[in-house]
Colleague: 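Have a look at this one.
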Amino acid sequence: MAEVLVYVDHVDGVVRKPTLELLTLARRIGEPVAVALGSGAEATAPALAEHGAVKVLTHDAAEYADYLVVPKVDALQAAYEAVSPAAVLVPSSAEGKEIAARLAVRIGSGIITDATDLEAGDEGPVATQSAFAASFTTKSRVAKGTPVITVKPNSAAVEAAPAAGAVEALAVSFSEKATGTKVTARTPRESTGRPELTEAAIVVSGGRGVNGAENFSIIEALADSLGAAVGASRAAVDAGWYPHTNQVGQTGKSVSPQLYIASGISGAIQHRAGMQTSKTIVAINKDAEAPIFDLVDYGVVGDLFEVVPQLTEEIKTRKG
């Protein structure tokens, strides 16, 4: 069976959930070979093996932390040349998409971004995508070279499938461009204790109807009762009510959780583009004609300041 390269997103050896999802998808089209880079790379092996990686190629060097994405592209290209894979899978984060695009250019291959599913095809892997602000679902494949595919978080359930996970050192020679852009400073993001927005299984978002930054505490309370991430519409972010890092939409982040709750959000196409692939969508809005209701699985026509606190209390009661 052909091998499939999977780029590992990890923090000091702790593998992030989107990578485990990629391993599940990779097993549909071949044998997963994971590529782990940077500090703690070897420590990722047990988790990767547990989820189907037959091999784990590792390499650590200061360049991965000191410079931007080019050293990682150099390493992934080295892995590609060593393995000759049937496909290369990368998490669909901002960095992941840049790495994938640069790799595709280098190896002369086609690229598919933001895939939401992956299956084997007679002429190569077939990826499912949402197009035109998620108004259409398409299936496509790369017609030239080795497919390079980025996959959105929450596109597949994580499935354990123990494999050998043999650790092998990857030989990497950095190009001259690898040290062209140096990281001069880092500022740790303040932790809220909530899940990462793009990876969360549940997202609760607020929009213009929240009517002020001070009222986002209502949205946060509901999110905390569900163990969810907090999102915001562009209108709420532009008004300065919530940070841009939490914006969901075409000019913000794309999310695809199991459950998406939109409170006080009208449902403009800009917002829908970032959340329309959510598995179950619930909207709370006092305007019965709001476009968001054309999209939802469940809709509540009512004042969010009455509905959301009641919902939060009911969840807390049921959780005991």
Side-chain angles (χ1 to χ4, degrees), residues 94 133-134 152-154 187-320:
K152 293 179 70 171
N154 293 316
T187 302
R189 183 172 57 188
E190 292 184 14
S191 175
T192 62
R194 301 187 183 99
E196 167 65 30
L197 180 60
T198 57
E199 300 174 17
I202 304 174
V203 174
V204 180
S205 288
R208 191 189 304 273
V210 176
N211 200 30
E214 67 280 4
N215 296 328
F216 254 89
S217 59
I218 298 173
I219 305 300
E220 292 175 334
L222 176 57
D224 291 342
S225 72
L226 292 166
V230 176
S233 71
R234 178 175 176 175
V237 170
D238 285 351
W241 299 344
Y242 222 69
H244 180 266
T245 52
N246 294 74
Q247 182 180 324
V248 174
Q250 200 161 24
T251 54
K253 293 181 177 178
S254 293
V255 299
S256 189
Q258 295 297 315
L259 173 62
Y260 188 87
I261 302 177
S263 300
I265 296 175
S266 64
I269 191 66
Q270 200 281 144
H271 186 75
R272 293 169 61 158
M275 46 67 72
Q276 197 160 343
T277 57
S278 303
K279 309 305 183 290
T280 301
I281 301 171
V282 177
I284 302 166
N285 200 300
K286 63 183 180 181
D287 179 7
E289 302 300 320
I292 192 74
F293 287 122
D294 296 334
L295 176 68
V296 302
D297 298 286
Y298 302 96
V300 179
V301 179
D303 188 338
L304 73 86
F305 294 103
E306 297 177 3
V307 175
V308 173
Q310 290 183 56
L311 178 57
T312 303
E313 288 306 312
E314 182 66 20
I315 291 168
K316 289 180 178 179
T317 300
R318 293 197 180 195
K319 292 175 73 173

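Starting from 1, each residue takes its place in the sequence as its number. What you see below is based on every heavy atom in this structure, not just the backbone, and it leaves out hydrogens, waters and symmetry mates.
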Colleague: Measure the acute angle between the ring planes of Tyr260 and His271, then classify it against the limits of 30° and 60° as parallel, tilted or perpendicular.
Modeller: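 Judged by the thresholds at 30° and 60°, the geometry between Tyr260 and His271 is tilted.
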Colleague: Any chance you could measure Ile292, atom CD1, to Met275, atom CE, to the nearest 0.5 Å?
Modeller: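 It comes to 4.5 Å.
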Colleague: Check Val255 against Pro257 and note the closest heavy-atom contact, atom names and distance.
Modeller: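 That closest heavy-atom pairing would be C-CD, 3.5 Å.
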Colleague: So which atom in Lys279 and which in Gln258 form the shortest heavy-atom distance, rounded to 0.1 Å?
Modeller: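 Residues Lys279 and Gln258, closest heavy atoms: CB-O, 3.5 Å.
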Colleague: Mind listing the closest non-hydrogen atom pair of Ala283 and Val296 along with its distance?
Modeller: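 It is CB-CG1, 3.4 Å.
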Colleague: Output the distance between atom CD (Gln276) and atom OG (Ser254), rounded to the nearest 0.5 Å.
Modeller: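 Reported to 0.5 Å precision, the distance equals 11.0 Å.
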Colleague: Rounded to the nearest 0.5 Å, what's the gap from CG on Leu311 to CD1 on Ile284? Could you check?
Modeller: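 Between atom CG of Leu311 and atom CD1 of Ile284 there are 6.0 Å.
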Colleague: Quick one: side-chain contact (heavy atoms from CB on, under 4.5 Å) partners of Ile218, sequence neighbours excluded?
Modeller: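 For Ile218 the side-chain contact (heavy atoms from CB on, under 4.5 Å) partners, ignoring immediate neighbours, are Phe305, Val308, Pro309.
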Colleague: Scan residues 225-249 for pairs that pass salt bridge (charged side-chain N to carboxylate O under 4.0 Å, His left out), counting only residues two or more places apart or in two chains.
Modeller: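 For residues 225-249, and leaving out neighbouring residues, the salt bridge (charged side-chain N to carboxylate O under 4.0 Å, His left out) pairs sorted by first residue read Arg234-Asp238.
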Colleague: Run the side-chain contact (heavy atoms from CB on, under 4.5 Å) test on Trp241 and Asn215 for me, step by step, so that the C-alpha distance in whole Å, both residues' side-chain angles and the decisive distance to 0.1 Å come before the verdict.
Modeller: CA-CA 9 Å; Trp241 299 344; Asn215 296 328; over 6 Å; no
Colleague: Please determine whether side-chain contact (heavy atoms from CB on, under 4.5 Å) holds for the pair Ser263 and Ile219, giving the CA-CA distance in whole Å, both sets of side-chain angles, and the decisive distance to 0.1 Å.
Modeller: CA-CA 8 Å; Ser263 300; Ile219 305 300; 3.7 Å; yes
Colleague: Could you give the distance from CG (Leu222) to OG (Ser205), rounded to the nearest 0.5 Å?
Modeller: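 Nearest 0.5 Å value for the CG-OG distance: 10.5 Å.
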Colleague: Would you indicate whether the side-chain heavy atoms of Tyr242 and Val230 approach each other to under 4.5 Å?
Modeller: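 When only atoms from C-beta onward are counted, Tyr242 and Val230 do touch, with a gap below 4.5 Å.
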Colleague: If I compare all heavy atoms of Lys316 with all of Ser225, which pair ends up nearest, and what's the gap?
Modeller: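 Heavy atoms of Lys316 and Ser225 come nearest at CG-CB, 4.2 Å.
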Colleague: Can you see which heavy atom on Ala229 is nearest to which on Leu197, and at what distance?
Modeller: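 So the two residues come closest at CB-CA, 3.9 Å.
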Colleague: How long is the gap from CG on Asn154 to OG1 on Thr277, to the nearest 0.5 Å?
Modeller: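 Rounded to the nearest 0.5 Å, the CG-OG1 separation comes out at 9.0 Å.
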Colleague: Suppose the criterion is salt bridge (charged side-chain N to carboxylate O under 4.0 Å, His left out): which pairs have a residue in residues 252-263, not counting sequence neighbours?
Modeller: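 Output for this query lists Glu196-Lys253.
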Colleague: Any idea which heavy atoms bring Pro153 and Ser256 closest together, and the distance?
Modeller: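 Scanning both residues completely, I find the closest heavy atoms to be O-CB, 3.9 Å.
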Colleague: Salt bridge (charged side-chain N to carboxylate O under 4.0 Å, His left out): which pairs involve residues 293-314, sequence neighbours left out?
Modeller: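 Only Glu314-Arg318 qualify under salt bridge (charged side-chain N to carboxylate O under 4.0 Å, His left out).
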Colleague: Would you please name every residue forming a side-chain contact (heavy atoms from CB on, under 4.5 Å) with Ala235, sequence neighbours left out?
Modeller: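 side-chain contact (heavy atoms from CB on, under 4.5 Å) list for Ala235, sorted by chain: Arg208, Ser233.
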Colleague: Kindly check if the number of other-residue, nucleotide or ligand heavy atoms within 6.0 Å of CD (Glu214) is above 12?
Modeller: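 Enclosed.
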Colleague: Can you name the residues that form a side-chain contact (heavy atoms from CB on, under 4.5 Å) with Ala228, not counting sequence neighbours?
Modeller: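 side-chain contact (heavy atoms from CB on, under 4.5 Å) check on Ala228 returns Ile202, Val204, Ala223, Leu226.
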Colleague: Let me confirm one number: the CD1-OG1 distance from Ile261 to Thr280, rounded to the nearest 0.5 Å.
Modeller: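 Result: 10.0 Å between the selected atoms.
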